[in-house]
Each structure stands twice: as structure tokens, then as C-alpha cells.
Number of protein chains: 2
Amino acid sequence: MVRSEGETPTLDQVARLAGVSKATASRALNGGARVSPQAQAAVDDAVRRLGYTPNAAARSLATRRTGSVGLIVPESDERIFADPFFAQMLHVVTRSVKAHDLQLVLLLTQPGKEEQRLMRYLRGRFVDGVIVTSHHRGDRLAENLAELGLPAVFIGSPWTNTDRVSIVESDGIGAGRQAARLLIDRGCRALGTIAGPADMHAGHDRLEGWRQEVSEAGLVADAVVHGDFTEAGGARACGVLLDEFPGIDGIFAASDLMAAGAVRELTARGRRVPEDVALVGYDDLGVAEQTDPPLTTFRNPIGAMATEAIRLLAQRIDEGPGEPPRRIVFAAELVRRASA
Amino acid sequence: MVRSEGETPTLDQVARLAGVSKATASRALNGGARVSPQAQAAVDDAVRRLGYTPNAAARSLATRRTGSVGLIVPESDERIFADPFFAQMLHVVTRSVKAHDLQLVLLLTQPGKEEQRLMRYLRGRFVDGVIVTSHHRGDRLAENLAELGLPAVFIGSPWTNTDRVSIVESDGIGAGRQAARLLIDRGCRALGTIAGPADMHAGHDRLEGWRQEVSEAGLVADAVVHGDFTEAGGARACGVLLDEFPGIDGIFAASDLMAAGAVRELTARGRRVPEDVALVGYDDLGVAEQTDPPLTTFRNPIGAMATEAIRLLAQRIDEGPGEPPRRIVFAAELVRRASA
DNA sequence: AGTAGGTGTGGAACCGGTTCCACACCTGGA
DNA sequence: TCCAGGTGTGGAACCGGTTCCACACCTACT
């Protein structure tokens, strides 16, 4: 390389070295429309010799694009690192984002807190758009993002402003119904559920579907305890269920981590799974295979959701705010193992 | 707010609304040196009424600062999400970075691969500096970063160019020695170790320390099997150790995850821990407490390392390349539990 | 031969901030 | 009274790209 260490070459230097104008050099860099083969070659060569890379800030300023998107996760640290859901989510989002040649900026915030700070950041246009996952009832993110006019896609529905942002989600109602149906079909008559946190939409839907199916089958659907999506919380909730409804013989837990806690609690109390109590989980992200017995559960389609979310976001960023927000629902596929 | 939805206000509009020049408005925004109280108040008011936030790209272009730093993790996906080390690292780095009012850009790459793409990104000056963790032997990151002149701090030493970048690490040699000493003191005479991957410096140091202490005690230090820092790999490595050195009575594993695998393998083969084989791990990030028996291990000081790394990085970004790179070593504290 | 239309090209404006510098004004000390 | 020195202020240059537009040139068709 020609340039000396430390100082970064500019487009101006490239253009001079190639013997063309900045305008032509710029065009040559970006696809080469309206550039002669000779000019293109000269620029390519100059770029190589100088080791040139466009300055991100300057390009952003001119194009009004940054080429990066934010992943907003309004969740407490413990949950983020204990729940494979987030690891997996981060994984698939990272991969999808890479496929669109975008950069990912991770924006972890405490739920409810720091929202001002976050909005200030977003208003600065550091990112072209955002993916929001794990949205809670109290957050005003959907509203704030819509007002800001920043392209946003929610993975998992927010509680309000659902018509102002794009949403990609899994069919929690359907999963809840299927779980209940499965337990009923295998002969369970005293059903209970360990639901997700009441302030999260995903858990709410699974509970709602379960309720519907149980009621329609003519059974009572009042054995409901809310957990916090952690294993310990699942064990606790399971304990409460057993105390209040001793005859319980079938449980739907809204996440595998909570189901794993339930297995532990049931085993500790001498109940066999599935003989005494059948158990259905949700997520299938590794945990379900490692419990004893392995869990019958639903495969949370987060790979598909993330891919679709990024696609939607990239499209929205490219096309501008013309199109109305979209909502896409993926079915969660039942995976039968031994627990029910 | 006065402005209409969608369009972002500029400094020019703020200045006009406040009745001052752009220059004065800019000064008022940044600390207010050389600004009269009246002008300051007028600008503050205009900012509030317009809901103004400075445009990141424009500011970056002018100041040659972006206000964000990258976290480079050259590691395969499986390991990143299976090993609590990374979760914890991400957690503490996120927190430290926030304290310095910086933004974190997560840069996950496959080890060895994609380095060109990464360097192109860094040359674009999207970030002011980088933290590198989990460096492998084949990577040329240290060299490339040094040449680029981008402030960089490695958590865990790279293999080469150690004098051209700043390094924060834990004392692997000391830990290896201590582990060996502990096993020897409790009466073990046939020692083995499940070392880390041969291409990672952290594992190398722990092995080296162990070797030194074992040799100095007049014992043979040839029972060495390399694992891959995963649980399955630990179990496998333990199996190999037991096959080749049946009389083994003390093992040092370079990570708790591998130690957990070793516990599983030992138990499966009917060896009691610690009665038949004593076991020492490394990391103490949650896993060590959950094995049966809980692991005697070393507390990997990643909180302290991350804090220090960010401090060093922020300082280097502020002061420019004047100061020479620094190297800081933290001791890993022994945590005694039941396995040794 | 004359013109319509396409192709390369470079000058210059522009994106939205920061900062250098010149200048006006005010204060206090000689 | 004069001047040195400090304080606010605004004009203008600058950061490093992209893109609009005018223009020159060349081809092909009427």
C-alpha cells in the first residue's frame, strides 16, 4: 500500500491517483453505472494501491443511510443470559442481518427503564431501523418508534399500536389450543398451565389458546399460575399448582425452561412424568431434549421469524414508508417426545 | 413538539428558532463554553420545542468520533451460546461501555474466516475502537489492528504482536500452578489435565503453569489431553485420560464446562469425586455450583477485566496514540468447593 | 445534413454538524 | 483617557462522501 500508516485515504486521493474526478470515482465505487471501462479500472487500481475504504460517517451523511440496524432487547440481564431463547435469537438475527449486508448494533435495556436514553440514540439516526424482541406491556416503544418514523419490526406482538409497526410472531393461540387438545386426548381431565409473565404478549396468547380449548372441551380452565420464564420460576409455579390442585394430571408450561423446573418439582414430589402428570412445554431450543423425560413441546420458529423480520425491515428501509406495516404469523410445530 | 412527524430537525432550525447562529447553538449544545446565559437558555428551549437530537453521521464526520466501540468475538456460534463465558463477557462489557457513554457494536465472526470483511468494516471507521476477546492462534487481528492504527484492547493475550496492542488478561500460569499445588497437597500423585484448545492463549497459560508446578514437585506432567472448552469435549477428554492413565487421581480442567463433562464421565465410570479422583475447574460462572459435587475452581475475573479493558480503550480513544500499549494481569481467585 | 437520444464526465451543491478566526463589546488597571 | 485582555458572537471553512445538472461527444435514424 502506498499510504503511510495511520492516516486514512479519502476519495479525493483515489480520484487524483486515478486521474478522474471525485464524481466519477464515487460512481465507480458504487456499481459503476455510467463509467467507462478505463475509468473503472483506474479507480479500482487506485483503491487497491491506497487501501481505500469509504468513510462511514461521510457516506451516511450523504446517503442518509447507516447500513446498520439495532436489535432492541428490553429484558433483564438474568433472563437474557439464562434463557436459550435470547441466545438463539441473537444467533439467527446476526446471521440474517449479515445476509443483507447490514451491521447489528445490540441495544440491551432494562424493561421500562432507559427508554428516554434509547430514543435519544435512535433519534440520532445511528441505525436505519430496529428489530424489537421481548416487548413488555409497560414499554412505550411501539408508540415512540411509530412517532419517530423509524422502520421497526417487532418479533412478538406489542400490546398497543399494533397497526403502526410491522410484527412477526408465532401462533401462541394455536399452540395453546393444541397443547390442551393433546393433553385432553391422552386422557387428562384436570388440566393446569404455567403461563408466561402477564405483561408479555407471547405468554398471554398461549394462555388464551389453552383456555379456549379447555373450556370448549367442557373442562374448567382455572388452574393457572404465572411464571417468569425461568426454571426456578417454573418449579415454584408448579409447586403452587400442585398445592392448590392436588388432582392435576396434565400441565402446559409456556416455556421449556419453566417445564424443566416443573419436571424437577414433580419428580421431587414423587409424581411420575408422564404417567401421573403429563407435561407439554414450548420452545424446543435444546432444553427440551435434556430433561428426564425429554419434553413434548412446540418448536418456536425463531429462525423463520428472524429471517422474515430482517427481510421486512430491509425492505422497509429501502422503499421508504410507503407500504403499510405488515403482520406475519408462523405456526409453532408440535414435537412429540416422552413427557406427554 | 413543533415539528411534524417524520422529518428530523437540524441544528440550523434550532439556531434560527433560538435567534442565534449555528456556531453558538453548537457551543450551547456541547457544554456551553463561551455562551451567554441568555443564548444558552434560548437554545435549550428551542431544542426542547423541536425535539432535537444531533445527527450522528454529521457529528461523526466533523469530530472524527463515532461514540461507539466494537466487541469482536472470533468464535463459532455453538461455543458462543453454549459457554457462559461469552454471555457473562457480553454482559459486563455492555455495562462498562454504557458507563462511558459509548455504544456497543457486536462483531461476531468465524475464527480465521471473514477477517477481510471485518477489516473493511473497521477501516470505514464505524467504531472508535475495539475490544477483542477469544483470540485464536491463526487470527491476524492483532497485526491488522495495529497497522490500521485503531485503538484496540485484547481481553486474553493474542499470540503475536503482543507489544503493539493493549492486553487485559487473567493469570493463567498462576492458576495452573495453584491448581496443581492444591491437588498435590491433598495427596494426589498421578495428575492429569484437560487443557484448552491449543490455539488459544488462555488455555495455553493454564497448561503451562500446571506443567511447571507438577514438574517442580518431581511428578510427571505428561497426562495432558486437549479439550475444546465444551462439556462434551471435556467428557471425551476425560475418557481418554482415564484410558491412557488408569491410575489418575487428580485432574485440572481448564474450564468448568469441561470439568462438568469430566464429572459426568467419572461418575459414569464409577469413580467418585473427589475420593477417587479430585477435580479442579476454571471460570466459576454458575456451572461450578450446579455439578454434583460442586466444583473447586478459579473465579475468572471477567468483570474486572472488562471494566479495565473499556477504561483503557476509552482513554486511548480520548488521548490519541501517544501512550504505549499496556498489559494488565488479574489474578484468578481460588474458590474451594467439594470436588477437590 | 440535421437532430434525437444515449453515454461519460466533472463542477458544484449538499448532507448536518464542529471549529477556526475575526470582530465587537465590556471590563479594569495604568 | 487609553489600552490590554477577556467574553460572546457569527461567518465561513471543513469533515468526506453522493448526486444533480450541464455539457461534450458519439451513434443512429429520418
Side-chain angles (χ1 to χ4, degrees), chain A residues 3 6-44 46-47 50-68 120-126 128 318 320, chain B residues 3 6-44 46-47 50-68 120-121 123-126 128 318:
Chain A
R3 75 190 162 84
E7 61 194 25
T8 357
T10 70
L11 183 62
D12 214 43
Q13 297 172 31
V14 170
R16 250 198 305 270
L17 184 57
V20 300
S21 70
K22 261 172 70 181
T24 299
S26 174
R27 278 185 294 255
L29 276 172
N30 301 302
R34 294 236 186 302
V35 176
S36 68
Q38 304 91 291
Q40 181 75 53
V43 171
D44 287 347
V47 164
L50 291 174
Y52 169 78
T53 311
N55 178 292
R59 178 171 266 182
S60 294
L61 184 56
T63 59
R64 301 157 154 279
R65 285 289 165 76
T66 67
S68 52
R120 185 154 50 82
Y121 178 79
L122 296 178
R123 222 178 294 122
R125 300 283 160 174
F126 280 86
D128 297 333
D318 279 348
Chain B
R3 76 192 162 83
E7 61 194 23
T8 357
T10 69
L11 183 62
D12 213 44
Q13 296 172 29
V14 170
R16 250 198 306 270
L17 184 58
V20 299
S21 71
K22 262 172 69 181
T24 299
S26 175
R27 278 186 294 256
L29 277 172
N30 302 302
R34 293 235 185 304
V35 175
S36 68
Q38 304 91 292
Q40 182 74 54
V43 172
D44 287 348
V47 166
L50 291 174
Y52 169 79
T53 313
N55 177 294
R59 178 172 267 183
S60 293
L61 185 56
T63 58
R64 299 157 156 280
R65 286 286 167 77
T66 67
S68 52
R120 185 156 49 80
Y121 178 79
R123 223 177 293 123
R125 300 282 160 174
F126 281 85
D128 296 335
D318 279 348

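Proximity of a side-chain donor or acceptor of B:S60 to a complementary backbone N or O of A:A57 within less than 3.5 Å is not detected.
Residue A:R34 contributes atom CZ, which lies 14 Å from atom C1' of D:dC26 at whole-angstrom precision.
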For residues 28-37 of chain B, tabulate all N or O donor-acceptor pairs below 3.5 Å that involve a side-chain atom, not counting sequence neighbours.
| from | atom 1 | to | atom 2 | distance (Å) |
| --- | --- | --- | --- | --- |
| B:N30 | OD1 | B:R59 | NH2 | 3.0 |
| B:N30 | ND2 | B:S26 | O | 2.9 |
| B:S36 | OG | B:A39 | N | 3.2 |

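Both A:N55 and B:S36 lie close to DNA chain D; mapped to their nearest nucleotides by heavy-atom distance, the more 5′-ward contact belongs to B:S36.
Residues satisfying the side-chain contact (heavy atoms from CB on, under 4.5 Å) test with A:R64, not counting sequence neighbours, are none. With sequence neighbours left out, the side chain to side chain donor-acceptor pair (under 3.5 Å) criterion links B:S68 to B:T66. Partners of B:D44 according to the side chain to side chain donor-acceptor pair (under 3.5 Å) rule, which considers only residues two or more places apart in sequence or in another chain, are B:Q40. The side chain to side chain donor-acceptor pair (under 3.5 Å) search around B:S21 returns B:T24, not counting sequence neighbours. Judged as a side-chain contact (heavy atoms from CB on, under 4.5 Å), and not counting sequence neighbours, the contacts of B:A18 are B:V20, B:A42, B:V43, B:A46. Every residue two or more places apart in sequence or in another chain was checked for a salt bridge (Lys or Arg N to Asp or Glu O under 4.0 Å) with A:R120, and none qualifies.
When each of B:N55, B:L50, B:V47 is tested with B:P9 by the rule side chain to side chain contact (heavy atoms under 4.5 Å, CB included), just one qualifies, namely B:L50.
Counting any heavy atom pair closer than 4.0 Å across all strands shown, B:A57 reaches no nucleic acid atom.
Only A:K22, A:A23, A:S26, A:R27, listed by number, bring a heavy atom of residues 19-28 of chain A to less than 4.0 angstrom from any atom of DNA chain D.
Judged as a salt bridge (charged side-chain N to carboxylate O under 4.0 Å, His left out), the pairs with a partner in residues 14-33 of chain A (not counting sequence neighbours) are, in order, A:D12-A:R16.
Between its two ends, the helix from C:dA1-D:dT30 to C:dA30-D:dT1 turns its axis by 50°, counting five pairs per end and rounding to 10 degrees.
Between chain B and DNA chain C, the heavy-atom contact criterion of under 4.0 Å yields a 5' to 3' nucleotide range of C:dG16 to C:dC20.
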